[in-house]
Amino acid sequence: MALSRLNCFSSRSANLLKTLSSAISLRRPISTDTTPIIVETSVPFTSHQCEAPSRSVETNPKELLTFFRDMALMRRMEIAADSLYKAKLIRGFCHLYDGQEAVAVGMEAAITKKDCIITAYRDHCTFVARGGTLLEVFAELMGRQAGCSRGKGGSMHFYKKDSNFYGGHGIVGAQVPLGCGLAFAQKYSKDENVSFALYGDGAANQGQLFEALNISALWDLPAILVCENNHYGMGTAEWRAAKSPAYYKRGDYVPGLKVDGMDALAVKQACKFAKEHALKNGPIILEMDTYRYHGHSMSDPGSTYRTRDEISGVRQERDPIERIRKLILSHDLATEKDLKDIEKEVRKEVDDAIAQAKESPMPEPSELFTNVYVKGLGVESFGADRKEVRATLP
Amino acid sequence: MAAIFQGAGAAAALSSSPSNSIDSKKFLFSPRRPYSGMKGASFVVVRSDGRASLDLNPKGRRAQQLIANAVATKAGSSAASSSSKPGHELLLFEALQEGLEEEMERDPCVCVMGEDVGHYGGSYKVTKGLATKFGDLRVLDTPIAENSFTGMGIGAAMTGLRPVVEGMNMGFLLLAFNQISNNCGMLHYTSGGQFTIPIVIRGPGGVGRQLGAEHSQRLESYFQSIPGIQMVACSTPYNAKGLMKAAIRSENPVILFEHVLLYNLKERIPDEEYICNLEEAEMVRPGEHVTILTYSRMRYHVMQAAKTLVNKGYDPEVIDIRSLKPFDLYTIGNSVKKTHRVLIVEECMRTGGIGASLTAAITENFHDYLDAPVMCLSSQDVPTPYAGTLEEWTVVQPAQIVTAVEQLCQ
């Protein structure tokens with residue numbers, strides 16, 4: 001009974017919501033069932049200088065189905081971006097996140113939109129998790145006006161100010177001091193929120209990271225540094241780049257936690273724990289043990305520095321979407337068919353968004369000069385209050 | 001150094017406009033101000049072509065040392081007598097401190113970050129006393145980690161705070177070049193306008209007294225092509241305070257270049273609150289024969305040379321360009337159209353310096369008005385040596401300026 005109720009509710013709600021403007025938010029209520037379910041994480045947490053949180057995570061059917069849907073959407077989006085890149089509609093750099101979806105989704109489940117997230121260039125899924133629409137993603141990737149940065153940023157520069165997503169940065173490691181600056185601003189305005197600064201195992205060797213960590217620990221900032229360790233920094237394996245690949249211990253005096261980044265529930269638990277910790281005790285490092293199926297970017301086949309067996313092995317044993325699927329099926333929250341339907345829906349959503357994005361026009365030529373300065377400079381000289389025009393160039 | 005005469009040149013008339021206390025929304029005046037003064041007075045600014053025009057902006061720049069033929073054209077407040085009201089005398093670093101303090105009082109979002117700015121009071125005393133007044137959360141002593149604390153300042157600015165980041169010496173900011181170029185300059189653009197970065201990055205640079213090569217760098221030439229930032233250079237206590245305040249209030253990232261040797265200049269500045277326009281050049285001495293463009297410390301070498309030149313019968317027009325990015329081509333252009341000869345005197349190196357860009361800009365825009373090629377006197381393309389005599393030869397000296405003007409005016 002419950003299942004069929006779930007079934008027809010989900011399809012009814014799906015139809016209803018489809019008539020609303022598409023893809024405004026990922027968070028469509030799939031099921032309203034919020035009875036708690038306790039799930040054990042795949043592996044226990046390893047901690048450094050702190051008490052690890054418990055392995056039992058509380059969740060509910062609604063959350064699990066939302067996880068499934070969101071991750072399926074992200075996976076589909078990244079694969080679609082792959083085809084678009086090969087069709088030369090996306091140019092330049094395109095760094096895909098498939099395989100790592102659990103980190104974005106789990107983190108989002110533990111925090112609010114008032115907490116800040118900043119990440120590096122592998123930002124498509126984090127942007128979507130923060131509330132970005134598929135249209136904005138694809139339009140920005142293709143350099144169109146409807147993109148989140150009006151086509152002027154590209155794959156590595158997704159931002160969403162109203163949900164405190166600070167991007168989107170191309171230079172490895174430079175976002176970590178920015179993230180600590182966000183935490184500083186939060187402490188300055190005393191608003192009890194935290195900042196998550198995400199970086200990769202490659203960036204973990206950057207000096208500015210340790211500088212920022214030192215300052216954050218000194219000033220007790222609510223900064224959470226999250227190392228998304230996918231074990232390869234571009235083409236270099238972690239054991240060839242880092243003398244100590246225990247990134248969660250690298251903080252020395254800063255506590256750390258190592259988390260299975262392919263398990264969305266473990267990520268959620270860790271982020272919740274980290275938020276509580278950061279608000280009381282200052283910075284903490286989370287290391288998410290995760291994996292990316294694609295190469296570093298679209299110009300990297302991803303198989304010259306690792307074997308295909310390794311990739312397919314991880315895909316079989318640790319894939320985040322499969323894990324949630326098994327969880328849902330074993331708890332009887334939905335049938336195989338339901339999940340397949342969700343995937344079909346998601347596929348259609350992505351295709352629709354791509355079609356819509358293709359119709360969006362390229363930016364106007366005058367856009368070249370907008371947003372360089374807050375007010376147009378170089379042609380006008382403003383009065384001291386910046387509003388009155390005192391002179392114009394001859 | 002002697003007190004600086006900030007000549008306005010031609011006679012100016014002062015007038016006031018009635019009840020001109022319409023401050024733009026941004027500048028909500030707090031009723032308590034550190035110094036008493038006229039509220040709502042408007043001032044006349046003498047433009048480079050010598051005409052006086054009415055400045056309707058209540059916080060417009062006030063010409064110093066005016067010839068006191070104050071002709072009140074409008075009945076109104078007693079603002080007409082403001083020119084004879086004495087200001088107060090202070091040194092340049094105190095002027096910077098005053099500006100900073102006033103802005104911090106006015107806006108709680110302004111904070112200062114840098115090495116030794118807090119408890120120590122600042123290595124050049126610009127932030128002296130601010131830590132005791134505003135607390136440790138607003139005046140932050142950072143560890144020696146320029147890359148990260150500049151990055152943190154930019155991150156904080158993204159959320160709406162207005163940090164003032166101090167580089168103990170501008171040369172140290174080379175370590176933060178990535179943050180300044182990519183994040184500070186470009187974030188407004190790459191985010192499609194979503195984020196503004198109202199940060200001020202300031203610090204002393206330039207050639208000092210035998211400080212050695214690494215501590216005598218002129219970073220304006222390295223930063224000048226970063227899109228999205230504004231650069232200004234202060235040279236007198238008056239414009240130091242004005243530019244500091246304007247920079248803090250600006251929504252764009254501003255880099256304020258001070259000079260190590262100018263911190264102890266003394267001048268009398270007004271008691272009233274005032275701001276200098278970030279994009280405007282300053283007419284130091286109007287003239288007829290040649291336009292000399294300069295900024296920061298070289299202004300004083302030029303003025304010294306100007307004394308000699310006047311004795312020799314030349315009439316140089318000296319403009320302190322102040323705004324290094326963007327150039328105030330309006331003021332410069334008007335001057336070129338008048339004199340037809342340009343000499344640029346700068347402390348940057350010959351290659352790729354501010355003078356090089358300025359020469360290009362002038363030649364592009366005002367070629368038809370030039371009677372002679374633009375001459376540019378810059379520092380030598382060498383690391384600044386330690387030995388005093390050698391160091392003197394790396395920078396432009398007044399004698400060289402005199403020779404150059406004579407050559408130009410043949």
Side-chain angles (χ1 to χ4, degrees), chain A residues 116 118 147-154 156-157 159-161 164 166-171 174-189 195 207-209 211-212 214-215 218-219 370-375 377-378 380-388 390-394, chain B residues 23-24 26-27 55-57 59-61 111 137-138 140 142-143 145 147-161 178-179 182-183 187-196 227-228 230 242 246 249-252 274-280 326 328-331 333-334 365:
Chain A
C116 303
I118 190 169
C148 55
S149 302
R150 311 241 283 263
K152 300 205 282 193
M156 299 189 283
H157 298 283
Y159 304 92
K160 197 161 169 61
K161 183 169 187 184
N164 283 317
Y166 288 86
H169 294 275
I171 304 294
Q175 76 276 10
V176 177
L178 287 185
C180 294
L182 298 174
F184 170 70
Q186 286 172 328
K187 177 158 185 159
Y188 195 93
S189 32
S195 293
Q208 48 190 324
L209 213 131
E211 293 178 18
N214 179 35
I215 300 183
L218 260 181
W219 293 351
T370 58
N371 301 130
V372 179
Y373 292 103
V374 174
K375 280 219 183 92
L377 288 182
E380 290 167 315
S381 175
F382 285 90
D385 69 345
R386 317 237 93 48
K387 285 186 189 268
E388 184 200 343
R390 290 266 291 273
T392 46
L393 278 190
Chain B
D23 300 317
S24 55
K26 266 206 246 176
F27 303 156
D55 175 18
L56 289 171
N57 189 336
K59 279 181 240 33
R61 193 166 55 106
C111 55
L137 198 56
R138 288 188 74 187
L140 300 139
T142 62
N147 197 354
S148 52
F149 72 69
T150 313
M152 284 178 71
I154 297 168
M158 280 168 96
T159 65
L161 284 193
N178 173 49
Q179 297 288 353
N182 293 332
N183 294 331
L187 264 173
H188 186 61
Y189 191 83
T190 56
S191 67
Q194 286 181 66
F195 297 113
T196 56
Q230 273 185 267
R249 294 188 194 188
S250 168
E251 290 298 319
N252 292 308
Y274 68 91
I275 291 186
C276 288
N277 189 345
L278 279 181
E279 296 102 21
E280 205 174 21
D328 181 6
L329 288 179
Y330 183 79
T331 313
N334 288 342
N365 286 300

Note to self: I'd like to know if the side chain of B:Gln194 reaches the main chain of A:Cys148, judged simply by a donor and an acceptor atom lying under 3.5 Å from each other, with no hydrogens or angles considered.
What the structure shows: yes
Check: If you round to the nearest 0.5 Å, how far is CZ of B:Arg249 from CD1 of B:Ile275?
Finding: 3.5 Å
Check: With a 4.5 angstrom heavy-atom cut-off, which part of B:Leu137 approaches chain A: side chain, backbone, both or neither?
Finding: both
Notebook entry, point to check: Side chain, backbone, both or neither: which part of A:Ile171 has a non-hydrogen atom closer than 4.5 Å to chain B?
Noted result: side chain
Margin query: Which one wins on heavy-atom pair count under 4.5 Å against chain A: B:Thr150, B:Thr142, B:Asn183?
Written below: B:Asn183
Next item on the list: Between chain A and each of B:Gly153, B:Ala156, B:Ala157, B:Ser191, count heavy-atom pairs under 4.5 Å; write down the option with the most.
Entry: B:Ser191
Note to self: Is A:Thr370 close to chain B through its backbone or its side chain, or both, or neither, when contacts mean heavy atoms under 4.5 Å?
What the structure shows: backbone
Check: Under 3.5 Å, is there a donor-acceptor pair between the side chain of A:Tyr166 and the main chain of A:Cys116?
Finding: no
Next item on the list: Against chain A, work out which of B:Thr196, B:Thr159, B:Leu187, B:Leu140 has the most heavy-atom pairs shorter than 4.5 Å and name it.
Entry: B:Leu140
Checklist line | Criterion side chain to side chain contact (heavy atoms under 4.5 Å, CB included) on B:Leu278 and B:Ser250, from CA distance to verdict | finding: CA-CA 9 Å; B:Leu278 279 181; B:Ser250 168; 3.8 Å; yes
Next item on the list: Quick one: do A:Tyr159 and A:His169 satisfy side chain to side chain contact (heavy atoms under 4.5 Å, CB included)? Show the steps, please.
Entry: CA-CA 10 Å; A:Tyr159 304 92; A:His169 294 275; 4.1 Å; yes
Check: Under a 4.5 Å heavy-atom cut-off, does chain A meet the side chain of B:Gln179, its backbone, both or neither?
Finding: side chain
Next item on the list: Could you tell me which portion of B:Asn147 (side chain, backbone, both or neither) has an atom closer than 4.5 angstrom to a non-hydrogen atom of chain A?
Entry: both
Note to self: Rounded at 0.5 Å granularity, tell me how far CH2 in A:Trp219 sits from CG in A:Asn214.
What the structure shows: 10.0 Å
Item checked: Segment of A:Leu209 engaging chain B (4.5 angstrom heavy-atom cut-off) -> neither
Check: Under the 3.5 angstrom rule, does the side chain of A:Ser189 hit a backbone N or O of A:Ala185 as a donor-acceptor pair?
Finding: yes
